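Only one structure is covered here, and it is reproduced in the block below.
Fair warning: this is a prediction, and the values are worked out from it, not measured in the lab.
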Amino acid sequence: SIGDHGLADAFRGCSSLSSVELPSTPLSVGLHGCEAAFSKSGIKTVENLSLSGIELSGCAGMFRGCSALEKVDGLSAKGLSASALEGMFLSCTSLTSVQDLYIDNSEDKNNKLSKCDSMFHNCESLLSVGGLIKGLYGQRQLRYMFRKCTALKDASKLSVEINYGQ
């Protein structure tokens, strides 16, 4: 378990960082979650990252501006709330593939995951996305999700489940 500030801004701006190894068990992070944790870092690949219990800002902008990031293969999270995925991969201009993305907030009715806005916005090299996002609540959660993803060819393996009710 990681305290109130979680991984927020932990590796932000570390342009020479190309990899990081986190525990294989789910990380339970607090108040500020993973907001901008790897923003503008030099990380190239994300594999099998598992997060849980992320509150408030969640994973907003977690990899924003990581121009070296090329591949995400296995990223899972449960128990997210608020604007958890907003801008998560925003402007990751070298990102070509995101597979095995698993975001599940369906069991926690008290924490409302409300936004995937701009999740992949301006990922101009993105070719394919696959995985499952479930437990989104409300309207307009997917606004600009793939805006300016001009190379995107296959999102057929991405499933998004939205609950418009209470």
> Are side-chain heavy atoms of L127 and D154 found at a separation under 4.5 Å?
Replying inline: no
> Does L158 reach the side chain of F146, with side-chain heavy atoms less than 4.5 Å apart?
Replying inline: yes
> When rounded to the nearest 0.5 angstrom, what is the spacing between CG in L95 and CD in E70?
Replying inline: 9.0 Å
> Less than 4.5 Å apart, any side-chain heavy atom of D117 and any of Y144?
Replying inline: no
> With a 4.5 Å limit on heavy-atom distance, are the side chains of N122 and R64 in contact?
Replying inline: no
> Would you say S118's side chain and E86's backbone share a donor-acceptor pair under 3.5 angstrom?
Replying inline: no
> How far does OG of S159 sit from OH of Y102, to the nearest 0.5 angstrom?
Replying inline: 11.0 Å
> Do D73 and N48 come within less than 4.5 Å of each other through their side chains, counting heavy atoms only?
Replying inline: no
> Residues two or more places apart in sequence or in another chain: which of them pass side chain to side chain contact (heavy atoms under 4.5 Å, CB included) with S67?
Replying inline: T93
> Closest approach of E161 and L132, non-hydrogen atoms and distance?
Replying inline: OE2-CD1, 3.9 Å
> Hey, what do you get for CZ (F63) to CG (L69), rounding to the nearest 0.5 Å?
Replying inline: 6.5 Å
>> Looking at every heavy atom in both G61 and S39, which two are closest together, and how far apart are they?
In response: O-CB, 3.9 Å
> Are the side chains of L126 and F89 in touch, meaning some heavy atoms are under 4.5 Å apart?
Replying inline: no
>> For a quick test of reading the model, state the closest non-hydrogen atom pair linking I103 to L75 and the distance between them.
In response: CD1-CD2, 4.1 Å
>> Are S128 and Q99 packed together at the side-chain level, in the sense that at least one heavy-atom pair is separated by less than 4.5 angstrom?
In response: yes
> About how many Å separate SG of C66 and CG of L90, when rounded to the nearest 0.5 Å?
Replying inline: 10.5 Å
> Of the non-hydrogen atoms in G65 and C92, which two are nearest, and what is the gap between them?
Replying inline: N-SG, 4.4 Å
> Which heavy atom of I133 sits nearest a heavy atom of M119, and at what distance?
Replying inline: CD1-SD, 4.1 Å
> To the nearest 0.5 Å, how far apart are CE in M88 and CE in M145?
Replying inline: 10.5 Å
